[in-house]
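These notes concern the structure reproduced below.
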Amino acid sequence: MSDNFRCFKHVGFALDPIHVGTGGAKLRRVDLSIVRDPVTKVPKIPGSSLAGVHRAYVAMARNKYPGCAGQGQPDASGVGGHCCKPDCPVCTVFGFAKGKDSTIGFAGLAAFSDAHILLFPVATREGPLWVTSPEQLRIAGLPIPNVDKDAIYRENNSEQPLNLGWLLLPVEKLSNYADIKKGLEKLGVLKYIFDRFGVVSDKLFSHVVNSNLEVRTSVSINPETGAAEDGALFTYEALPRATLLSWEITCKNPKHFKIGNKDIIAANDKDKVHSIVEAAHPYLEHLGIGGMGTRGMGRLRVLESNASHNQSAEIEPVLKSKSQEARS
Ligand SMILES: [Zn+2]
């Protein structure tokens, strides 16, 4: 199995608020809401959005493959579209679709999971605290704590309750605090943050996140007049700056695939597939992900993780069993 694919874990730090929208539908109290998990209502970034933005940035970084960046279909005159060649790093790694009704297609050598919140910053009277939950830790492959009370679990318990935004909670001791801290450090999370985290139950987590999102009000500008449009005041929500997200990129072995009966030559192994994807990281940090980029949103710094590069047996079995579960 390990010869077929390898999973690479990533953690990203939001340098700006991040808005990955649902496509304009007014579902909640804001006009432009962000994507949420349908069951837990915790916001996330869909894997398809992650894959799309990585694809665009890898094409930009290589600048030889402009037609391979987007959706793949040529324009009305038949110009452009995915090149679909076995030596193209964009088409082989991210896949392609061509022909009428996308009859010719390849799924791509890299598959993206959704990006889930790993740590969410909340204001407390002691300064910022990064909050997580058993489910978010499980998704990131970290030790899962036992959290059964409506409380905030930290390194030590305290007589003094602590406020998470407007919510006042008792402080309990987290039994496997040290293990989680070590796991966060391994994923590249900064010391300032892993020294200041707390765990709440999954149910509370959803409440805490949804009541501490960034909500902004803006006006639409008419591009012709440069003035605000009439009645164009709108609100939108975003993950706040300093949110940490985790996602997984599964890289398949190129030797097991052919394109048009030809061997893939853009990448010869799983690590090479991953290094092609990584070319997008500086672009994510400077150009960002999601909407409202012109309003100073979206920059995401991908942290330097030990777990995504090492071959150590310690992390890999966790990832493998998880991804086999998810993809088999
Ligand atoms: Zn191509």
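Computed from heavy atoms alone, side chains included, the values below leave out hydrogens, waters and symmetry copies. Order of listing sets the numbers, starting from 1, for every ligand and every atom in it. Position 1 is the first residue of the sequence, and the numbers go up from there.
Listed for the Lys252 side chain is no donor-acceptor partner under 3.5 Å among the backbone atoms of Asn4.
Look at Glu285 and Arg299 and you find no salt bridge, because none of the NZ, NE, NH1 or NH2 atoms lies under 4.0 Å from a carboxylate O. For the pair Lys182 and Glu185, the salt-bridge criterion is not met [side-chain N within less than 4.0 Å of a carboxylate O].
Only protein N, O or S atoms were scored, and 4 of them lie under 2.8 Å from the Zn ion (ligand 1).
Residues passing the salt bridge (charged side-chain N to carboxylate O under 4.0 Å, His left out) test with Lys181, sequence neighbours excluded: Asp195. Among residues two or more places apart in sequence or in another chain, the side-chain contact (heavy atoms from CB on, under 4.5 Å) test is passed with Ser48 by Pro46.
Listed by first then second residue, pairs satisfying ring pair (Phe, Tyr, Trp, His ring centres under 6.0 Å) with a partner in residues 182-207 read Trp130-Tyr192, Tyr177-Phe197, not counting sequence neighbours.
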